Amino acid sequence: MSQFDSVTLAPPDPILSLTGAFKADPNPEKINLSVGVFVNDHGATPILETVRSAEKRLAETSETKSYLPITGTPQYASLTQQLCFGEASATSLSNRVITADTPGGTGALRVAGEFIKNNLNTSDVWLSNPTWANHKGIFSAAGFQIKTYSYFNSSSLSLDYGAFIESLNSIPAGDLVVLHACCHNPTGADLSPEQWDEVALIASNRGWIPLLDFAYQGFGSDIDQDAYGPRRLAETGLPLFVCQSFSKNFGLYRERVGALHVLTDGGDEAERVASQVKISVRTNYSNPPAHGGAIVETILNDETMKEKWIAEVASMRERIQNVRHQFVSALSNAGVARDFSFLIKQKGMFSFTGLTKEQAQKLRADYSIYIVDSGRINVAGLTSENLSRAAGALKELLG
C-alpha cells in the first residue's frame with residue numbers, strides 16, 4: 001500500500017493538453033488553433049523589440065536580485081494603474097486603488113478570489129456563458145459556488161445582449177460578477193461603450209461586485225478604447241476589481257506578469273483592504289517575481305519606449321484583424337456554404353466558430369487542425385501558409 005493510492009488521475013486540461021497532442025503529431029502540415037498565444041505570419045511568437053530593449057537596459061543597470069515587496073513596487077503600481085484607468089483618472093484614484101504585482105492575470109484572479117471569499121461575505125460568483133475555461137477552476141478553488149449569466153447566442157454566433165442584461169438585472173446584491181473587459185474569451189463578442197454604460201448603471205442599482213478580467217488590452221480596438229469598461233465602472237464608486245495580464249500585449253507569456261487593482265473608498269478602508277490583499281499574496285507566493293514586471297515598468301516609464309510599444313501592439317492587433325478578413329474570404333472562395341462573416345465583427349484572438357465537438361474532433365483526427373472541443377479557435381494561429389488549407393478542410397467538413 002502507498003500513501004498515494006487514494007490519488008485519482010485528474011482529467012487533462014482541455015486546452016493545454018492539445019498542445020502536447022499537436023507537438024506529437026507527425027503531420028508536417030499540422031495547424032494549432034487551440035492555445036491562446038499570438039503568433040506572427042511565420043507561426044512564431046515574437047519577442048517585442050521594446051521588450052528586448054528593456055531587458056538590455058535591465059541587464060546593464062540592475063544591482064540586486066533581492067525580494068520585491070509583497071505587492072510589488074510603487075512605481076509598477078502607478079504605471080499599471082495609468083494603463084488601466086487612464087493617466088488623469090489614475091491620478092485622481094491613486095489614494096483609492098490598491099495594486100498588487102501578480103504572477104500573470106491568473107495570479108491576479110486567484111488573489112482577488114481569495115480576498116473576496118475571505119472578506120466580503122459572498123459565496124456566489126457569476127461567469128459568462130461561455131467563459132475562459134480556467135475561470136471556473138480558479139473561483140471554485142477559492143471556495144465560490146459557480147453560477148452563470150447569459151452572454152452569447154450560439155445560433156447567431158453573436159452577443160445576446162437582451163438575455164445578458166436580463167441576467168445582470170437578476171443577480172443579487174453582494175454577489176461577484178466576472179466580466180471580460182475586452183476581446184471576450186472565448187467568443188470574441190464585445191460590449192460597445194453604450195452597453196458598458198448600461199452595465200455600470202445596473203451594477204450601481206443592483207449592488208453586485210464587478211470583477212473585470214483584462215487580459216487583452218490593445219488587441220480589440222486600441223489601448224484606450226479597450227479600457228472603456230474598467231474606466232466606466234471606476235466612475236460608479238462601487239468596489240471594483242480589475243485583473244490585468246501582460247502576457248499578450250507585451251508578449252511576456254512565460255514571465256507571468258499581471259496586476260490586481262482593487263478600487264476602494266480610500267483612507268482607512270484602503271489600508272484595511274491592502275493588509276488583507278497582502279495576506280493572500282503572502283500565503284500564495286510570498287512576493288512577486290521581478291523580471292517580467294521590471295520589463296513592463298521600464299517600458300511604461302519611458303515615453304519613447306511606450307510609444308514604440310503601443311505601435312507594436314497595434315501591429316499585432318492589425319494582423320489579427322487582417323487574418324479575420326482573409327479567412328472569411330478564403331472560406332467563401334473555397335465554396336463553404338455556411339456564412340462565416342461573423343468572424344469579422346468579433347475582436348481579439350479568439351472566435352467561436354459554431355463547430356460542434358464532433359466536428360472539432362474530426363478536424364484534429366483527419367486534418368491535423370487542432371481546435372478545442374467547444375469550437376473556439378485562436379485566429380492568430382492562421383498564417384498565409386496554412387490559411388487556405390484550413391479553409392479547404394472546413395469545405396470538406398461542412399460542404
Side-chain angles (χ1 to χ4, degrees), residues 15 31-46 128 130 132 151-161 180-193 195 215-223 225-226 228 247-249 251 310-355 359-360 363 367 369-372 374-395 397-398:
I15 298 176
I31 303 172
N32 191 357
L33 303 181
S34 59
V35 67
V37 174
F38 175 85
V39 298
N40 60 24
D41 196 48
H42 301 292
T45 300
S128 66
W132 179 44
Y151 190 81
F152 194 67
N153 186 319
S154 57
S155 297
S156 64
L157 297 174
S158 62
L159 172 67
D160 192 342
Y161 188 64
H180 298 234
C182 69
C183 305
H184 185 274
N185 180 4
T187 71
D190 278 1
L191 301 175
S192 69
Q195 290 168 338
Y216 304 98
Q217 186 175 6
F219 273 33
S221 296
D222 63 34
I223 295 293
Q225 290 185 65
D226 289 351
Y228 188 91
S247 294
K248 276 72 178 180
N249 53 15
I310 290 173
E312 288 183 293
V313 175
S315 179
M316 290 189 285
R317 178 177 67 249
E318 289 163 6
R319 162 166 154 66
I320 294 169
Q321 292 171 342
N322 289 337
V323 166
R324 288 183 177 277
H325 284 270
Q326 292 165 9
F327 193 42
V328 170
S329 295
L331 290 167
S332 177
N333 293 335
V336 176
R338 184 181 298 182
D339 180 13
F340 278 88
S341 61
F342 61 86
L343 289 169
I344 297 173
K345 300 175 184 177
Q346 297 169 347
K347 293 182 178 180
M349 294 200 303
F350 300 114
S351 173
F352 239 32
T353 60
L355 297 176
Q359 289 168 332
L363 278 176
Y367 301 94
I369 297 177
Y370 288 78
I371 75 171
V372 296
S374 66
R376 187 204 80 172
I377 64 169
N378 173 19
V379 180
L382 293 166
T383 68
S384 55
E385 288 189 2
N386 66 31
L387 191 144
S388 61
R389 180 172 179 269
L394 284 176
K395 166 59 179 174
L397 183 69
L398 303 175

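Nothing here was measured: the structure is a model prediction, and the numbers come from that model.
The minimum heavy-atom distance linking R317 with G218 is given by the pair NH1-O, 2.6 Å. Taking every heavy atom of both residues into account, V35 and N378 meet most closely at O-ND2, 3.0 Å. Considering every non-hydrogen atom in both A393 and Y367, the closest pair reads CB-CD2, 3.6 Å.
Put simply, the side chain of K395 gets close to the backbone of G335: a donor and an acceptor are under 3.5 Å apart. A donor-acceptor distance shorter than 3.5 angstrom exists from the side chain of S329 to the backbone of H325, with no hydrogens or angles considered. Using modelled atom types, one side-chain atom of R324 and one backbone atom of L343 make a donor-acceptor pair closer than 3.5 Å. Looking only at distances, a side-chain donor or acceptor of D41 sits under 3.5 Å from a matching main-chain atom of S384. Formation of a donor-acceptor pair under 3.5 Å by the N153 side chain with backbone atoms of L157 is not found in this model. For R319 (side chain) and V39 (main-chain N/O), a donor-acceptor pair under 3.5 Å exists by modelled atom type. Of the possible donor and acceptor atoms, none in the side chain of D226 sits under 3.5 Å from a partner among the backbone N and O of C182.
In this structure, S351 and F342 have side chains that are in contact, with non-hydrogen atoms separated by less than 4.5 Å. Looking at heavy atoms from C-beta onward, I369 lies in side-chain contact with R389 at the 4.5 angstrom threshold. Between H42 and T383 the shortest side-chain heavy-atom distance does not fall below 4.5 Å. Counting heavy atoms from C-beta outward, F152 and P130 have side chains that approach closer than 4.5 Å. Proximity of R376 to T353: side-chain heavy atoms (C-beta onward) are nowhere separated by under 4.5 Å. Residues L398 and Q359 form a side-chain contact, since some pair of their non-hydrogen atoms from C-beta on lies under 4.5 Å apart.
Rounding to the nearest 0.5 Å places CD of Q326 at 11.0 Å from CD1 of I344. Rounding to the nearest 0.5 Å gives a distance of 10.5 Å between NZ of K248 and OG1 of T45.
K347 and S221 share a side-chain donor-acceptor pair at under 3.5 Å.
Note: F327 and F340 fail the aromatic proximity criterion, with ring centroids not under 6.0 Å apart.
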Quiz prompt | Test side chain to side chain contact (heavy atoms under 4.5 Å, CB included) applied to S34 and I371, step by step | solution = CA-CA 5 Å; S34 59; I371 75 171; 5.7 Å; no

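Using a 30° and 60° split on the angle between ring planes, Y151 and H184 fall in the parallel class, below 30°.
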